[in-house]
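Encoded as C-alpha coordinates, the structure appears first; notes follow it.
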Protein chains: 2
Amino acid sequence: MCDDFAMDDVAALERDRDRLSRSSTAERVADILRERIAEGFFTPGQRLSEEAIGTALGVSRNTLREAFRLLGHEGLLRHQLNRGVFVRVLSLEDVTDLYRVRRVIECSAVRRATPDALGPLREAVEDGERAAAENRWRDVGTANLRFHQGITRLNGSQRLDDLMRQLLAELRLVFHVMRNPRSFHEPFVARNRELLELMAAGELDKAERELAAYFDDAEALLVEAYRPAP
Amino acid sequence: MCDDFAMDDVAALERDRDRLSRSSTAERVADILRERIAEGFFTPGQRLSEEAIGTALGVSRNTLREAFRLLGHEGLLRHQLNRGVFVRVLSLEDVTDLYRVRRVIECSAVRRATPDALGPLREAVEDGERAAAENRWRDVGTANLRFHQGITRLNGSQRLDDLMRQLLAELRLVFHVMRNPRSFHEPFVARNRELLELMAAGELDKAERELAAYFDDAEALLVEAYRPAP
DNA sequence: ACATAAGGATCGTTGAACAATCCGACAAGA
DNA sequence: TCTTGTCGGATTGTTCAACGATCCTTATGT
(Lines give C-alpha, C1' and ligand atoms only; values in the text may rest on other atoms or scores of the structure.)
Protein backbone atom coordinates (compact mmCIF):
# COMPACT_ATOMS: atom_id res chain seq x y z
CA MET A 1 0.00 0.00 0.00
CA CYS A 2 2.82 2.39 0.77
CA ASP A 3 4.50 1.07 -2.41
CA ASP A 4 1.33 1.67 -4.43
CA PHE A 5 1.22 5.30 -3.31
CA ALA A 6 4.82 5.84 -4.35
CA MET A 7 4.11 4.39 -7.82
CA ASP A 8 1.13 6.68 -8.39
CA ASP A 9 3.12 9.64 -7.15
CA VAL A 10 5.94 9.00 -9.58
CA ALA A 11 3.51 8.59 -12.47
CA ALA A 12 1.88 11.92 -11.66
CA LEU A 13 5.25 13.64 -11.57
CA GLU A 14 6.14 12.27 -14.97
CA ARG A 15 2.94 13.71 -16.39
CA ASP A 16 3.86 17.07 -14.87
CA ARG A 17 7.18 16.92 -16.64
CA ASP A 18 5.41 16.47 -19.92
CA ARG A 19 3.36 19.57 -19.23
CA LEU A 20 6.41 21.66 -18.44
CA SER A 21 7.78 21.24 -21.92
CA ARG A 22 4.59 22.08 -23.79
CA SER A 23 4.74 25.28 -25.66
CA SER A 24 2.98 26.96 -28.47
CA THR A 25 4.14 26.56 -32.04
CA ALA A 26 4.97 30.27 -32.17
CA GLU A 27 7.28 29.88 -29.21
CA ARG A 28 8.96 26.83 -30.70
CA VAL A 29 9.45 28.64 -33.99
CA ALA A 30 11.01 31.53 -32.07
CA ASP A 31 13.37 29.05 -30.39
CA ILE A 32 14.45 27.68 -33.75
CA LEU A 33 15.01 31.13 -35.20
CA ARG A 34 16.90 32.25 -32.08
CA GLU A 35 19.31 29.33 -32.46
CA ARG A 36 19.71 29.91 -36.17
CA ILE A 37 20.60 33.52 -35.57
CA ALA A 38 23.01 32.65 -32.75
CA GLU A 39 24.89 30.16 -34.90
CA GLY A 40 25.12 32.60 -37.82
CA PHE A 41 22.79 30.79 -40.20
CA PHE A 42 20.79 34.01 -40.50
CA THR A 43 23.27 36.85 -40.64
CA PRO A 44 23.00 40.51 -39.57
CA GLY A 45 21.11 42.52 -42.15
CA GLN A 46 19.39 39.52 -43.67
CA ARG A 47 15.68 39.79 -44.29
CA LEU A 48 13.53 36.96 -42.99
CA SER A 49 10.80 36.29 -45.52
CA GLU A 50 7.48 35.24 -44.03
CA GLU A 51 6.67 33.29 -47.15
CA ALA A 52 9.97 31.43 -47.40
CA ILE A 53 10.44 30.66 -43.71
CA GLY A 54 6.76 29.84 -43.19
CA THR A 55 6.95 27.33 -46.02
CA ALA A 56 10.30 25.91 -44.88
CA LEU A 57 9.14 25.37 -41.30
CA GLY A 58 5.63 24.30 -42.31
CA VAL A 59 3.81 26.94 -40.28
CA SER A 60 1.33 29.59 -41.27
CA ARG A 61 2.32 33.21 -41.74
CA ASN A 62 0.30 34.29 -38.72
CA THR A 63 2.16 31.89 -36.46
CA LEU A 64 5.46 33.04 -37.89
CA ARG A 65 4.55 36.68 -37.31
CA GLU A 66 3.90 35.88 -33.64
CA ALA A 67 7.31 34.24 -33.45
CA PHE A 68 8.91 37.32 -35.00
CA ARG A 69 7.25 39.49 -32.35
CA LEU A 70 8.60 37.21 -29.67
CA LEU A 71 12.13 37.76 -30.96
CA GLY A 72 11.80 41.47 -31.52
CA HIS A 73 12.23 42.41 -27.90
CA GLU A 74 15.33 40.30 -27.58
CA GLY A 75 17.21 42.69 -29.79
CA LEU A 76 17.77 40.04 -32.44
CA LEU A 77 15.30 41.25 -35.07
CA ARG A 78 14.32 44.62 -36.40
CA HIS A 79 10.82 45.17 -37.79
CA GLN A 80 10.46 47.59 -40.63
CA LEU A 81 6.88 48.49 -41.40
CA ASN A 82 5.76 47.15 -44.79
CA ARG A 83 9.26 45.97 -45.58
CA GLY A 84 9.64 42.96 -43.35
CA VAL A 85 11.82 41.71 -40.54
CA PHE A 86 15.61 41.82 -40.57
CA VAL A 87 18.31 40.32 -38.41
CA ARG A 88 19.66 43.27 -36.44
CA VAL A 89 22.81 45.03 -37.49
CA LEU A 90 24.25 46.65 -34.42
CA SER A 91 25.72 50.12 -34.75
CA LEU A 92 28.91 51.31 -33.11
CA GLU A 93 26.69 53.18 -30.65
CA ASP A 94 25.04 49.87 -29.82
CA VAL A 95 28.42 48.34 -29.06
CA THR A 96 29.31 51.23 -26.83
CA ASP A 97 26.02 50.95 -24.99
CA LEU A 98 26.42 47.21 -24.56
CA TYR A 99 29.72 47.78 -22.80
CA ARG A 100 28.30 50.56 -20.67
CA VAL A 101 25.62 48.18 -19.42
CA ARG A 102 28.09 45.38 -18.88
CA ARG A 103 30.29 47.66 -16.78
CA VAL A 104 27.35 48.56 -14.57
CA ILE A 105 26.12 45.01 -14.14
CA GLU A 106 29.26 42.91 -14.14
CA CYS A 107 31.37 45.25 -12.03
CA SER A 108 28.59 45.28 -9.45
CA ALA A 109 28.49 41.49 -9.56
CA VAL A 110 32.19 41.03 -9.03
CA ARG A 111 31.94 42.93 -5.76
CA ARG A 112 29.67 40.16 -4.52
CA ALA A 113 31.83 37.19 -5.43
CA THR A 114 32.35 34.49 -2.82
CA PRO A 115 34.71 31.53 -3.34
CA ASP A 116 31.90 28.96 -3.13
CA ALA A 117 30.00 30.62 -6.00
CA LEU A 118 32.84 30.45 -8.50
CA GLY A 119 32.45 26.84 -9.68
CA PRO A 120 30.68 27.56 -12.96
CA LEU A 121 33.06 30.42 -13.73
CA ARG A 122 36.04 28.19 -13.12
CA GLU A 123 34.60 25.62 -15.47
CA ALA A 124 34.09 28.22 -18.20
CA VAL A 125 37.63 29.52 -17.80
CA GLU A 126 39.06 26.00 -18.03
CA ASP A 127 36.92 25.18 -21.07
CA GLY A 128 38.12 28.38 -22.71
CA GLU A 129 41.76 27.60 -22.01
CA ARG A 130 41.35 24.09 -23.37
CA ALA A 131 39.61 25.31 -26.52
CA ALA A 132 42.29 27.97 -27.05
CA ALA A 133 45.06 25.38 -26.75
CA GLU A 134 43.29 23.45 -29.51
CA ASN A 135 42.63 26.53 -31.67
CA ARG A 136 38.88 26.15 -31.39
CA TRP A 137 38.16 29.87 -31.38
CA ARG A 138 34.42 29.59 -31.74
CA ASP A 139 34.41 27.44 -28.58
CA VAL A 140 36.67 29.98 -26.86
CA GLY A 141 34.06 32.61 -27.62
CA THR A 142 31.30 30.42 -26.25
CA ALA A 143 33.23 29.72 -23.04
CA ASN A 144 33.88 33.44 -22.70
CA LEU A 145 30.16 34.21 -22.92
CA ARG A 146 29.51 31.57 -20.26
CA PHE A 147 32.12 33.15 -18.02
CA HIS A 148 30.42 36.52 -18.27
CA GLN A 149 26.96 35.08 -17.78
CA GLY A 150 28.41 33.43 -14.68
CA ILE A 151 29.79 36.73 -13.39
CA THR A 152 26.37 38.32 -13.83
CA ARG A 153 24.75 35.53 -11.86
CA LEU A 154 26.77 36.66 -8.83
CA ASN A 155 24.32 39.57 -8.57
CA GLY A 156 21.65 37.02 -7.67
CA SER A 157 19.02 38.63 -9.87
CA GLN A 158 16.90 36.77 -12.40
CA ARG A 159 16.17 39.96 -14.30
CA LEU A 160 19.84 40.85 -14.62
CA ASP A 161 20.64 37.31 -15.74
CA ASP A 162 17.93 37.57 -18.42
CA LEU A 163 19.18 40.96 -19.52
CA MET A 164 22.75 39.70 -19.78
CA ARG A 165 21.63 36.70 -21.80
CA GLN A 166 20.11 39.12 -24.25
CA LEU A 167 23.11 41.43 -24.30
CA LEU A 168 25.44 38.52 -24.98
CA ALA A 169 23.16 37.35 -27.80
CA GLU A 170 23.43 40.83 -29.30
CA LEU A 171 27.18 40.76 -28.89
CA ARG A 172 27.22 37.51 -30.79
CA LEU A 173 25.66 39.39 -33.73
CA VAL A 174 28.64 41.71 -33.57
CA PHE A 175 31.09 38.84 -33.68
CA HIS A 176 29.33 37.35 -36.72
CA VAL A 177 30.37 40.42 -38.67
CA MET A 178 33.98 40.24 -37.56
CA ARG A 179 36.47 38.65 -39.83
CA ASN A 180 38.92 37.26 -37.32
CA PRO A 181 37.37 36.08 -34.05
CA ARG A 182 40.69 34.85 -32.75
CA SER A 183 42.04 38.33 -32.24
CA PHE A 184 39.06 39.20 -30.05
CA HIS A 185 39.03 36.13 -27.92
CA GLU A 186 42.68 35.25 -27.47
CA PRO A 187 43.78 38.14 -25.24
CA PHE A 188 40.92 37.53 -22.86
CA VAL A 189 41.53 33.88 -22.10
CA ALA A 190 44.34 34.79 -19.72
CA ARG A 191 42.49 37.79 -18.38
CA ASN A 192 39.46 35.64 -17.51
CA ARG A 193 41.83 33.39 -15.54
CA GLU A 194 43.25 36.43 -13.77
CA LEU A 195 39.80 37.73 -12.86
CA LEU A 196 38.75 34.35 -11.58
CA GLU A 197 41.83 34.09 -9.33
CA LEU A 198 41.33 37.60 -7.96
CA MET A 199 37.76 36.76 -7.03
CA ALA A 200 38.77 33.44 -5.54
CA ALA A 201 41.39 35.25 -3.42
CA GLY A 202 38.76 37.73 -2.19
CA GLU A 203 40.55 40.67 -3.79
CA LEU A 204 37.25 42.12 -4.95
CA ASP A 205 38.25 45.75 -5.31
CA LYS A 206 41.15 44.74 -7.48
CA ALA A 207 38.94 42.35 -9.48
CA GLU A 208 36.51 45.15 -10.14
CA ARG A 209 39.21 47.52 -11.35
CA GLU A 210 40.68 44.79 -13.53
CA LEU A 211 37.24 44.02 -15.01
CA ALA A 212 36.65 47.70 -15.78
CA ALA A 213 40.00 47.86 -17.58
CA TYR A 214 39.14 44.62 -19.37
CA PHE A 215 35.94 46.16 -20.71
CA ASP A 216 37.78 49.32 -21.76
CA ASP A 217 40.20 47.22 -23.75
CA ALA A 218 37.59 44.86 -25.19
CA GLU A 219 35.41 47.77 -26.24
CA ALA A 220 38.27 49.66 -27.84
CA LEU A 221 39.36 46.57 -29.75
CA LEU A 222 35.84 45.97 -31.02
CA VAL A 223 35.05 49.57 -31.86
CA GLU A 224 38.30 49.80 -33.80
CA ALA A 225 37.54 46.77 -35.93
CA TYR A 226 33.75 46.55 -36.17
CA ARG A 227 32.51 47.58 -39.58
CA PRO A 228 28.82 46.95 -39.93
CA ALA A 229 27.45 46.96 -43.49
CA PRO A 230 25.87 50.39 -44.14
CA MET B 1 19.04 79.18 -55.76
CA CYS B 2 20.90 78.46 -52.55
CA ASP B 3 17.69 79.39 -50.71
CA ASP B 4 15.67 76.97 -52.87
CA PHE B 5 17.92 74.12 -51.90
CA ALA B 6 17.53 74.90 -48.21
CA MET B 7 13.72 74.92 -48.52
CA ASP B 8 13.68 71.55 -50.26
CA ASP B 9 15.98 70.13 -47.63
CA VAL B 10 13.68 71.19 -44.82
CA ALA B 11 10.62 69.83 -46.59
CA ALA B 12 12.29 66.44 -47.07
CA LEU B 13 13.13 66.26 -43.40
CA GLU B 14 9.57 67.00 -42.42
CA ARG B 15 8.36 64.11 -44.57
CA ASP B 16 10.80 61.86 -42.81
CA ARG B 17 9.27 62.84 -39.52
CA ASP B 18 5.85 61.71 -40.69
CA ARG B 19 7.28 58.34 -41.59
CA LEU B 20 8.84 57.97 -38.17
CA SER B 21 5.51 57.99 -36.46
CA ARG B 22 3.77 55.40 -38.65
CA SER B 23 3.25 52.12 -36.92
CA SER B 24 1.43 48.90 -37.41
CA THR B 25 -1.98 48.28 -35.91
CA ALA B 26 -0.52 45.60 -33.65
CA GLU B 27 1.92 48.14 -32.23
CA ARG B 28 -0.77 50.72 -31.72
CA VAL B 29 -2.97 48.17 -29.96
CA ALA B 30 -0.02 47.30 -27.71
CA ASP B 31 0.34 51.02 -26.90
CA ILE B 32 -3.31 51.23 -25.91
CA LEU B 33 -3.13 48.13 -23.75
CA ARG B 34 0.12 49.31 -22.13
CA GLU B 35 -1.56 52.56 -21.09
CA ARG B 36 -4.65 50.80 -19.84
CA ILE B 37 -2.55 48.52 -17.70
CA ALA B 38 -0.47 51.43 -16.38
CA GLU B 39 -3.54 53.38 -15.34
CA GLY B 40 -5.10 50.35 -13.65
CA PHE B 41 -7.97 49.82 -16.07
CA PHE B 42 -6.78 46.24 -16.51
CA THR B 43 -5.73 45.01 -13.11
CA PRO B 44 -3.18 42.37 -12.03
CA GLY B 45 -4.58 38.88 -12.45
CA GLN B 46 -7.20 39.94 -14.98
CA ARG B 47 -7.52 37.81 -18.09
CA LEU B 48 -7.52 39.67 -21.39
CA SER B 49 -10.02 37.97 -23.67
CA GLU B 50 -9.04 37.95 -27.32
CA GLU B 51 -12.70 37.92 -28.33
CA ALA B 52 -13.82 40.76 -26.08
CA ILE B 53 -10.84 43.07 -26.61
CA GLY B 54 -10.62 42.31 -30.31
CA THR B 55 -14.25 43.26 -30.71
CA ALA B 56 -13.96 46.34 -28.48
CA LEU B 57 -10.94 47.69 -30.37
CA GLY B 58 -12.20 46.59 -33.77
CA VAL B 59 -9.17 44.48 -34.65
CA SER B 60 -8.86 40.87 -35.61
CA ARG B 61 -7.73 38.20 -33.19
CA ASN B 62 -4.48 37.67 -35.06
CA THR B 63 -3.55 41.32 -34.75
CA LEU B 64 -4.44 41.28 -31.08
CA ARG B 65 -2.31 38.19 -30.51
CA GLU B 66 0.63 40.03 -32.05
CA ALA B 67 0.01 42.94 -29.67
CA PHE B 68 -0.07 40.55 -26.74
CA ARG B 69 3.29 39.13 -27.81
CA LEU B 70 4.69 42.64 -27.98
CA LEU B 71 3.67 43.25 -24.37
CA GLY B 72 4.76 39.87 -23.06
CA HIS B 73 8.42 40.77 -22.96
CA GLU B 74 7.73 43.96 -21.07
CA GLY B 75 6.73 41.97 -18.04
CA LEU B 76 3.18 43.30 -18.14
CA LEU B 77 1.39 40.19 -19.42
CA ARG B 78 1.69 36.52 -18.71
CA HIS B 79 0.79 33.97 -21.39
CA GLN B 80 -0.69 30.70 -20.23
CA LEU B 81 -0.92 28.11 -22.96
CA ASN B 82 -4.51 27.30 -23.91
CA ARG B 83 -5.83 29.48 -21.11
CA GLY B 84 -5.15 32.98 -22.36
CA VAL B 85 -3.24 36.08 -21.42
CA PHE B 86 -3.30 37.66 -17.97
CA VAL B 87 -2.08 40.91 -16.51
CA ARG B 88 0.96 39.93 -14.46
CA VAL B 89 0.68 39.50 -10.72
CA LEU B 90 4.12 40.07 -9.29
CA SER B 91 5.28 37.79 -6.51
CA LEU B 92 7.23 38.90 -3.45
CA GLU B 93 10.29 37.41 -5.14
CA ASP B 94 9.63 39.67 -8.09
CA VAL B 95 9.56 42.69 -5.79
CA THR B 96 12.82 41.67 -4.20
CA ASP B 97 14.42 41.18 -7.60
CA LEU B 98 13.17 44.54 -8.82
CA TYR B 99 14.91 46.24 -5.93
CA ARG B 100 18.06 44.25 -6.47
CA VAL B 101 18.22 45.49 -10.04
CA ARG B 102 17.44 49.04 -9.05
CA ARG B 103 20.26 49.02 -6.51
CA VAL B 104 22.71 47.88 -9.17
CA ILE B 105 21.58 50.39 -11.78
CA GLU B 106 20.60 53.44 -9.79
CA CYS B 107 23.49 53.32 -7.32
CA SER B 108 25.86 53.11 -10.28
CA ALA B 109 24.09 56.08 -11.87
CA VAL B 110 24.30 58.28 -8.78
CA ARG B 111 28.09 57.95 -8.83
CA ARG B 112 28.04 59.67 -12.22
CA ALA B 113 25.87 62.66 -11.29
CA THR B 114 27.04 66.08 -12.37
CA PRO B 115 25.24 69.30 -11.36
CA ASP B 116 24.36 70.24 -14.94
CA ALA B 117 22.54 66.91 -15.48
CA LEU B 118 20.17 67.31 -12.56
CA GLY B 119 17.55 69.55 -14.17
CA PRO B 120 14.93 66.88 -14.89
CA LEU B 121 15.45 65.33 -11.46
CA ARG B 122 14.97 68.68 -9.78
CA GLU B 123 11.74 69.17 -11.71
CA ALA B 124 10.44 65.77 -10.67
CA VAL B 125 11.29 66.43 -7.01
CA GLU B 126 9.53 69.78 -7.11
CA ASP B 127 6.46 68.31 -8.82
CA GLY B 128 6.36 65.58 -6.18
CA GLU B 129 6.58 68.09 -3.33
CA ARG B 130 3.84 70.21 -4.88
CA ALA B 131 1.57 67.19 -5.39
CA ALA B 132 2.18 65.99 -1.83
CA ALA B 133 1.28 69.40 -0.42
CA GLU B 134 -2.02 69.09 -2.31
CA ASN B 135 -2.62 65.45 -1.30
CA ARG B 136 -2.43 64.24 -4.88
CA TRP B 137 -0.79 60.92 -4.02
CA ARG B 138 -1.15 59.37 -7.46
CA ASP B 139 0.76 62.35 -8.86
CA VAL B 140 3.35 61.99 -6.12
CA GLY B 141 3.88 58.41 -7.29
CA THR B 142 4.23 59.54 -10.88
CA ALA B 143 6.76 62.22 -9.97
CA ASN B 144 8.67 59.65 -7.95
CA LEU B 145 8.89 57.33 -10.94
CA ARG B 146 10.11 60.23 -13.06
CA PHE B 147 12.80 60.99 -10.47
CA HIS B 148 14.07 57.44 -10.61
CA GLN B 149 13.96 57.27 -14.38
CA GLY B 150 16.01 60.47 -14.26
CA ILE B 151 18.57 58.93 -11.94
CA THR B 152 18.93 55.98 -14.30
CA ARG B 153 19.52 58.33 -17.21
CA LEU B 154 22.70 59.50 -15.48
CA ASN B 155 24.23 56.19 -16.55
CA GLY B 156 24.00 57.45 -20.13
CA SER B 157 22.78 54.11 -21.47
CA GLN B 158 19.75 53.66 -23.68
CA ARG B 159 19.44 50.01 -22.73
CA LEU B 160 19.46 50.76 -19.03
CA ASP B 161 16.89 53.51 -19.53
CA ASP B 162 14.65 51.06 -21.40
CA LEU B 163 15.11 48.43 -18.71
CA MET B 164 14.24 50.89 -15.96
CA ARG B 165 11.16 52.02 -17.84
CA GLN B 166 10.04 48.40 -17.82
CA LEU B 167 10.92 47.84 -14.17
CA LEU B 168 9.02 50.92 -13.13
CA ALA B 169 6.00 49.74 -15.16
CA GLU B 170 6.17 46.44 -13.28
CA LEU B 171 6.42 48.31 -10.00
CA ARG B 172 3.28 50.17 -10.94
CA LEU B 173 1.51 46.80 -11.09
CA VAL B 174 2.60 46.29 -7.49
CA PHE B 175 1.19 49.63 -6.43
CA HIS B 176 -2.14 48.85 -8.10
CA VAL B 177 -2.56 46.04 -5.60
CA MET B 178 -1.75 48.23 -2.60
CA ARG B 179 -4.54 49.70 -0.60
CA ASN B 180 -2.93 52.90 0.60
CA PRO B 181 -0.48 54.49 -1.81
CA ARG B 182 0.08 57.45 0.43
CA SER B 183 2.02 55.45 2.98
CA PHE B 184 4.45 54.32 0.27
CA HIS B 185 5.03 57.63 -1.33
CA GLU B 186 4.96 60.10 1.49
CA PRO B 187 8.19 59.18 3.28
CA PHE B 188 10.15 59.37 0.05
CA VAL B 189 9.24 62.88 -1.00
CA ALA B 190 11.71 64.34 1.48
CA ARG B 191 14.26 61.64 0.78
CA ASN B 192 14.17 62.40 -2.95
CA ARG B 193 14.92 66.04 -2.06
CA GLU B 194 17.79 64.92 0.13
CA LEU B 195 19.25 62.73 -2.59
CA LEU B 196 18.98 65.53 -5.11
CA GLU B 197 20.83 67.96 -2.86
CA LEU B 198 23.59 65.46 -2.13
CA MET B 199 24.12 64.94 -5.84
CA ALA B 200 24.02 68.68 -6.53
CA ALA B 201 26.65 69.19 -3.82
CA GLY B 202 28.88 66.56 -5.38
CA GLU B 203 28.66 64.30 -2.33
CA LEU B 204 28.32 61.24 -4.50
CA ASP B 205 29.56 58.60 -2.09
CA LYS B 206 27.13 59.82 0.48
CA ALA B 207 24.33 59.98 -2.11
CA GLU B 208 24.99 56.39 -3.07
CA ARG B 209 24.89 55.19 0.52
CA GLU B 210 21.70 57.15 1.12
CA LEU B 211 20.10 55.68 -2.02
CA ALA B 212 21.03 52.15 -0.95
CA ALA B 213 19.41 52.77 2.45
CA TYR B 214 16.40 54.30 0.68
CA PHE B 215 15.96 51.11 -1.34
CA ASP B 216 16.34 48.94 1.75
CA ASP B 217 13.59 50.89 3.44
CA ALA B 218 11.30 51.07 0.40
CA GLU B 219 11.68 47.35 -0.22
CA ALA B 220 10.99 46.44 3.40
CA LEU B 221 7.89 48.63 3.45
CA LEU B 222 6.59 47.06 0.27
CA VAL B 223 7.42 43.47 1.17
CA GLU B 224 5.70 43.95 4.51
CA ALA B 225 2.48 45.20 2.96
CA TYR B 226 2.28 43.60 -0.48
CA ARG B 227 -0.32 40.86 -0.58
CA PRO B 228 -0.83 39.61 -4.11
CA ALA B 229 -4.00 37.60 -4.71
CA PRO B 230 -3.09 33.88 -4.66
C1' DA C 1 -19.29 12.94 -1.57
C1' DC C 2 -16.57 11.63 -5.32
C1' DA C 3 -15.70 10.24 -10.07
C1' DT C 4 -16.72 10.50 -14.81
C1' DA C 5 -18.66 12.29 -19.01
C1' DA C 6 -20.48 15.88 -21.78
C1' DG C 7 -20.98 20.55 -23.26
C1' DG C 8 -19.49 25.13 -23.98
C1' DA C 9 -16.00 28.66 -24.19
C1' DT C 10 -11.82 29.87 -25.75
C1' DC C 11 -7.24 29.49 -27.47
C1' DG C 12 -3.86 28.18 -31.15
C1' DT C 13 -3.32 27.52 -35.72
C1' DT C 14 -4.25 27.35 -40.61
C1' DG C 15 -5.28 29.22 -45.00
C1' DA C 16 -7.51 32.31 -48.19
C1' DA C 17 -8.29 36.82 -49.51
C1' DC C 18 -7.63 41.64 -50.11
C1' DA C 19 -5.72 46.30 -49.54
C1' DA C 20 -1.61 48.86 -48.93
C1' DT C 21 3.12 49.61 -49.54
C1' DC C 22 7.51 49.25 -51.53
C1' DC C 23 10.92 48.33 -54.98
C1' DG C 24 12.66 47.66 -59.46
C1' DA C 25 12.25 48.09 -64.28
C1' DC C 26 11.16 50.77 -68.01
C1' DA C 27 9.74 54.82 -70.60
C1' DA C 28 9.55 59.73 -71.37
C1' DG C 29 11.29 64.30 -70.97
C1' DA C 30 14.84 67.81 -70.23
C1' DT D 1 23.09 61.38 -69.70
C1' DC D 2 20.32 62.24 -65.82
C1' DT D 3 15.90 62.89 -63.62
C1' DT D 4 11.21 61.97 -63.02
C1' DG D 5 7.02 59.36 -63.56
C1' DT D 6 4.42 55.14 -64.23
C1' DC D 7 3.41 50.42 -63.87
C1' DG D 8 3.73 45.70 -62.44
C1' DG D 9 5.09 42.32 -59.25
C1' DA D 10 6.35 40.92 -54.67
C1' DT D 11 5.47 41.18 -50.09
C1' DT D 12 3.58 42.76 -45.81
C1' DG D 13 -0.34 43.76 -42.63
C1' DT D 14 -4.73 42.64 -41.59
C1' DT D 15 -9.17 40.43 -41.65
C1' DC D 16 -12.10 36.54 -41.66
C1' DA D 17 -13.72 31.89 -41.31
C1' DA D 18 -12.88 27.47 -39.90
C1' DC D 19 -11.35 23.67 -37.21
C1' DG D 20 -8.95 20.99 -33.66
C1' DA D 21 -7.28 20.99 -29.02
C1' DT D 22 -7.59 22.25 -24.38
C1' DC D 23 -9.66 23.65 -20.22
C1' DC D 24 -13.34 24.59 -17.12
C1' DT D 25 -17.94 24.06 -15.65
C1' DT D 26 -21.99 21.49 -15.25
C1' DA D 27 -24.61 17.34 -15.16
C1' DT D 28 -25.02 12.56 -14.19
C1' DG D 29 -24.00 8.20 -12.04
C1' DT D 30 -22.23 5.41 -8.23
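Remember, predicted model here, so these are calculated numbers, not experimental data. Proteins get letters first, then strands, A, B, ... in listed order; numbering begins at 1 in each.
Looking at Thr43(B), its side chain never comes within 3.5 Å of a backbone N or O of Gln46(B) through a donor-acceptor pair.
Side chains of Arg102(A) and Thr152(A) form no contact here, defined as non-hydrogen atoms less than 4.5 Å apart. Leu77(B) places none of its side-chain heavy atoms less than 4.5 Å from the side chain of Arg88(B).
Of the residues in residues 44-54 of chain B, those with a non-hydrogen atom less than 4.0 angstrom from any atom of DNA chain C are Arg47(B), Ser49(B), Glu50(B). Heavy-atom distances under 4.0 Å link DNA chain D to Asn82(B), Arg83(B) of residues 80-87 of chain B, given in residue order.
Side-chain N/O atoms of Asp139(B) and Thr142(B) include no donor and acceptor closer than 3.5 Å.
Note: Phe215(B) and Tyr99(B) have perpendicular aromatic rings, judged against thresholds of 30 and 60 degrees for the angle between ring planes. Taking the six-membered ring for Trp and thresholds of 30 and 60 degrees, His79(A) and Phe68(A) have ring planes more than 60 degrees apart, a perpendicular arrangement.
Relative to the six-membered ring of Phe86(B), Arg78(B) meets both conditions, a distance below 6.0 Å and an angle of at most 45° to the axis.
Taking a 6.0 Å sphere around CZ of Arg165(B), one finds it holds more than 12 heavy atoms contributed by other residues, nucleotides or ligands.
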Every protein N/O within reach of nucleotides 14-17 of chain C N/O, cut-off under 3.5 Å:
| unit_1 | atom_1 | unit_2 | atom_2 | d |
| --- | --- | --- | --- | --- |
| dT14(C) | OP2 | Ser60(A) | N | 3.0 |
| dT14(C) | OP2 | Ser60(A) | OG | 3.2 |
| dT14(C) | OP2 | Thr63(A) | OG1 | 2.5 |
| dG15(C) | O6 | Asn62(A) | OD1 | 2.8 |

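Residue His79(A) contributes atom NE2, which lies 12 Å from atom C1' of dG13(D) at whole-angstrom precision. With rounding to whole Å, Arg65(B) atom CZ is found 17 Å from dG13(D) atom C1'. For the pair Arg69(A) CZ and dT14(D) P, the computed distance is 7 Å after rounding to whole Å.
For His176(A) and Phe41(A), the ring centers are positioned 6.0 Å apart or more.
The pair Arg103(B)-Glu219(B) meets the salt-bridge criterion, since a charged nitrogen lies less than 4.0 angstrom from a carboxylate oxygen.
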